[in-house]
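Here the structure is laid out as structure tokens; the discussion comes afterwards.
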Amino acid sequence: MDVATNLRHIKQNIEQACAKSNRNPEEITIIGVTKYVTIERTEEAINAGIKNLGENRLEGFLEKHDCIQDKASWHFIGTLQSRKVKEVVDKVDAIHSLDRMSLAQEINKRTETPVDCFVQVNVSGEESKHGLAPDDTLSFIKELEVFENVRVVGLMTMAPHIDDKAHLRSIFRHLVSLRDNIKAEQLTYAPCEYLSMGMSNDYQLAVEEGATHIRIGSKLVGS
Ligand SMILES: *Cc1c(COP(=O)(O)O)cnc(C)c1O
């Protein structure tokens with residue numbers, strides 16, 4: 001299927017989810033996750049109107065970024081090794097996988113301008129997933145105050161690949177309540193307004209529950 005058709009479909013589903021939850025579709029940023037696909041397919045996504053791209057590996061990110069440059073905003077969504085920070089930090093618009101102090105320290109050191117970061121939370125508790133335990137998230141974010149180049153714009157989570165809608169909703173709601181608690185602290189370096197949650201399998205539910213950034217790969221550009 002061509003990307004434009006997929007995107008039309010996704011936008012219709014977002015509109016439906018927004019209608020159900022009384023939200024404005026303009027609040028939702030679609031991040032096209034291109035980690036599985038070629039440069040050509042990535043360019044097709046840009047031509048279809050995708051303005052935000054996500055990559056989860058350094059090599060894929062650099063390859064795509066070299067070609068596409070500022071025709072898109074760039075989101076680094078995968079586990080980021082500290083020693084690779086310097087290669088991405090000034091090329092990305094946001095990092096969605098901040099999950100440890102050493103990474104924050106490296107981001108802070110390798111740039112001169114504040115970087116928008118999402119703190120990754122492992123809400124589902126799956127061992128295979130990265131991220132902070134929900135109960136550790138607020139104290140972690142409080143410790144980030146010392147890093148003037150780390151700006152916490154939101155929280156990110158990956159739900160398990162399951163069909164159980166009630167379970168998925170409970171994961172998304174948990175992230176919403178954590179975000180609300182952090183936002184209530186009114187930390188100047190951590191406005192924490194955004195929620196990066198929802199992928200191909202579950203983005204409609206994530207939008208109904210309050211996602212502001214959805215990360216869609218297979219249903220948009222294919223896998
Ligand atoms: C691969 C990936 C996605 C997109 O997954 P799909 O199920 O193909 O939409 C989203 N977020 C992260 C962190 C990923 O690694």
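FYI, the numbering just counts along the sequence from 1. Numbering of ligands and ligand atoms starts at 1, following listing order.
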_Taking 4.0 Å as the limit for heavy-atom contacts, which would you say applies to H161 with ligand 1: side chain only, backbone only, both, or neither?_
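Answer for H161: neither.
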
_Close-contact set for ligand 1 against G217 heavy atoms, below 4.0 Å_ =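 Within the 4.0 Å cut-off of G217, ligand 1 contributes 4 (C), 6 (P), 8 (O), 9 (O).
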
*Within a distance under 4.0 Å of any heavy atom of Y36, pick out the atoms of ligand 1 and give their elements.*
1 (C), 5 (O), 8 (O)

[atom] - nearest protein heavy atom and its distance:
atom	value
atom 15 (O) of ligand 1	K35 NZ, 2.6 Å
atom 11 (N) of ligand 1	R215 NE, 2.8 Å
atom 9 (O) of ligand 1	S200 OG, 2.6 Å

*When you look at CZ of R57, are more than 12 heavy atoms from neighbouring residues, nucleotides or ligands closer to it than 6.0 Å?*
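Count not over threshold, so no.
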
*asked:* Check this for me: E148, atom CD, are more than 12 non-hydrogen atoms of other residues, nucleotides or ligands nearer than 6.0 Å?
replied: no

*So F76 and F61, would you call those rings parallel, tilted or perpendicular, with 30° and 60° as cut-offs?*
perpendicular

*asked:* Which residue in the set D136, T137, L144 passes side chain to side chain contact (heavy atoms under 4.5 Å, CB included) when paired with F140?
replied: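 Between F140 and the candidates, side chain to side chain contact (heavy atoms under 4.5 Å, CB included) is satisfied uniquely by L144.
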
Check whether any side-chain heavy atom of [X] sits under 4.5 Å from a side-chain heavy atom of [Y], and report yes or no.
X	Y	result
D202	F172	yes
T79	N56	no
R215	M156	yes

*For ligand 1, is there an atom lying under 4.0 Å from some heavy atom of Y203?*
no

_Shortest reach to atom 12 (C) of ligand 1 by a heavy atom, considering only I77, T157, V33_ =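 When every heavy atom of I77, T157, V33 is considered, I77 comes closest to atom 12 (C) of ligand 1.
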
*Please work out which of M199, R57, E55, Q120 has its closest non-hydrogen atom nearest to atom 10 (C) of ligand 1.*
M199

If I apply the N/O under 3.5 Å rule, does [X] come out as touching ligand 1?
X	answer
N201	no
I216	no
K219	no

_One pair to check against side-chain contact (heavy atoms from CB on, under 4.5 Å): V37 and T42. What are the steps and the verdict?_
CA-CA 7 Å; V37 302; T42 305; 4.0 Å; yes

